[in-house]
Chemist: 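So that we are looking at the same thing, I have put the structure below in structure tokens.
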Amino acid sequence: MDMKKVMKDYFLDLDQAAKDPDRKVAWCTSVGPAEILRAMGFEVFFPENHGAMLGATRISVDTIPKANAFGYSPDICSYLTSDVGAYLKGITPLTKAYGIESVPRPDILVYNTNQCKDVMHWFEYFANEFDAPIFGIHPPTHLPQVEDSHVADVVAQFEDLIRVLEALQGRALRQEDLKRTCALSKQATDLWAQVLETAMARPSPLSFFDGTIFMGPIVVLRGTEVARDYYRVLLTDLKLRAAARVAAVPGESKRIYWDGMPIWGRLRSLSDLFKSNQACVVASTYCNSWIFSDFDPQDPLPGMARAYLKIFINRNDRYKEDYIRKLVDDYAIDGVIFHEAKTCPNNSNSQYNLPARLRKSGIPAVIINGDLCDLRCFSDEQSATIIEAFVETL
Amino acid sequence: MEAGHLYWGIDCGSTQIKVVACDHDGRILHRRIGRTLFPLMEHVRKVLSGGGSGPSPLTDDQRGIKANHTVVATGYGRKHIDFAQGRLTEISAHFLGAQESLQLKGPYTIVDIGGQDSKVIEVQDGRIGQFVINRKCAAGTGAFIEELAHRLEVRLEDLTDLARAHDKKMTLNSYCTVFSGQEVIKILMQGERLENLIQALYASVVQRVLEMTNITTETVVFSGGVMNYNPVLIDLFQHALPDNKTYLVENAQYCGAYGAAIFARGVVEKQAGNFSKSEIRAQLVT
């Protein structure tokens, strides 16, 4: 299956849905309850995916200052500022990519603060702009472990959400629909986990930079057959590549772990930099964040609650340290690069002493400063020097 | 390798181009320096060839390298030096330069303050253990000192003497060069002595560097042009690190270029020709 076609079909269908009075569109955060929305018949748009597109196309260079001037600080989430700025300027990367004039108008916006609170501010802005209802899931955060009481809390919030959605759609949720979307998400995420695990091979058939592209369907098409089918094909292909020792980085000699957000506007140059240093980024916190092992089609709401509570970003420091240590072992990692994103402290574990704790036990670690979308916070030269020097010293 | 082979290191930094040539024994035979100006390659060639007044590794057409010469580049401009036969980062170059100059046996930490960045490099067991570079900010770098000297209309070469003539310890609070500049103007308006302000300016540089990471080794080595030409910084580091042994690398401004030359020597003596990454790493760990 062709990734470009999968994404194109998804966006064109969303555009059609937004223009069709008989169909409804929900905006959802990237680790929000997409399975419920799809089971209730909503087409789902993910503004974070749009933010990543704005970053990758470097349109955000123009849109972030627009949002800053409007009153959104340069220090807050640059997905938010990229996206709000794009809206204020009346532009979207969807136009050049797919001929779509604008992002789809929402009939409801649903966020989950399991990742950060900036998504709430972001969605509130657009709820006001579109005069659309908004619903927030506010789960317990930064957990050492997920307890039954946490799950019950989130299940109750899901049930409240379902009542709101039922009122909007004028019909009740059919349990079999929810079981089906959860089953499809479970199948897709299990396949995505296996896709990432092919990078345990030496040489690795894929890098983090490939992963940031391959992950599109697990972000925007959870709960659909398309995502599941895409990863079935991708997994087969990557297994063949691994068996044939086709390397993502020819001459791979060092294996790197990447913690933190991608630097969307520099994916290509960073990928080339690692290649020229024969270093492959074989694992990352970011790509692994869409592995949700706890989806349970037989018990959908508790399964979803556990899956979305257990995500890395919603855990405490000890959990995060143990998680990275395990991946360092599993993927035979030589060193860890922490991307400290200026506008995303929740995804910048380097700010909380994690590199020092890893170094103490002999795991080399280094920090680069940058950002997911705001290239004003990134120095190409300095980062290249740090990455090259790090690889030289491993 | 033939007798008389010369190993050249070019450290193409943000403000200065430094060149060192050494022989098989690591003896420095030539040292050259010039400002980083543009077109870059024209100025690199000019500095490398000593303006035509000394031996040069460049062929007559200025595009290639003569036999019996090897050139390795480091510094922010390293990738632009097309005739270089090898490249390495300034982290590794300063380590090799300091190691060759001082021949220290135990663990030590290199503090290098450059024109646009500061580095703290921890050396363990004869190789780099870990390193940090300043964030994307001029505070704690030579650029910060230059900017404030310019605002205060003080010549760079006078700064150390002025700082040593302070009669009161003061602190500049801001991380930011622009904010620090505003702080300086405000303090001057309040009638503070220039000498006290300049001492505070240097103290803030030391503070910014020490905030980057904990120094855990007993021995600390200073490197880089800013340390070389602002000896009051060494006074301040020694004051802040009273239990540490400190050394300044001889001709500290050339430490990176010397490291690049030492690297060239090491690689050439193992294998002539182009260097691979694995050879670079092999060299760095020996």
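Throughout, a chain's letter reflects where its sequence line sits, starting with A, and its residues are numbered from 1.
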Chemist: Tell me every residue that passes ring pair (Phe, Tyr, Trp, His ring centres under 6.0 Å) with B:F131, counting only those two or more places apart in sequence or in another chain.
Modeler: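 Expected list: none.
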
Chemist: What closest approach, in Å, do A:Q382 and B:D117 show between heavy atoms, and which atom pair accounts for it?
Modeler: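 Scanning both residues, the minimum pair turns out to be NE2-CB, 4.3 Å.
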
Chemist: Rounded to the nearest 0.5 Å, what's the gap from CD1 on B:I133 to CG on A:N369? Could you check?
Modeler: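 One gets 10.0 Å once the value is rounded to the nearest 0.5 Å.
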
Chemist: Is it the side chain or the backbone of B:K119 that comes within 4.5 Å of chain A heavy atoms, both, or neither?
Modeler: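 No part of it gets close to chain A.
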
Chemist: So which atom in B:K79 and which in A:L273 form the shortest heavy-atom distance, rounded to 0.1 Å?
Modeler: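 Closest heavy-atom pair between B:K79 and A:L273: NZ-CD1, 3.9 Å.
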
Chemist: Would you say that A:T385 contacts B:R78 through its side chain, given a criterion of any heavy-atom pair below 4.5 Å between the two side chains?
Modeler: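 Touching, per the 4.5 Å side-chain cut-off.
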
Chemist: Kindly check if the number of other-residue, nucleotide or ligand heavy atoms within 6.0 Å of NZ (A:K66) is above 12?
Modeler: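 Atom NZ in A:K66 is not crowded, with 12 or fewer foreign heavy atoms closer than 6.0 Å.
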
Chemist: State the OG1-CD1 distance between B:T89 and A:I386, to the nearest 0.5 angstrom.
Modeler: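 So the OG1 of B:T89 and the CD1 of A:I386 are separated by 10.5 Å.
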
Chemist: Before accepting this row, confirm whether a basic side-chain N of the pair A:R359/B:E122 lies closer than 4.0 Å to the acidic partner's carboxylate O.
Modeler: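 Between B:E122 and A:R359 there is no salt bridge, as every charged N stays at least 4.0 Å from the carboxylate O atoms.
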
Chemist: Considering residues, nucleotides and ligands other than A:H142, do more than 12 of their heavy atoms fall under 6.0 Å from its NE2?
Modeler: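 Check passes, neighbour count above 12.
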
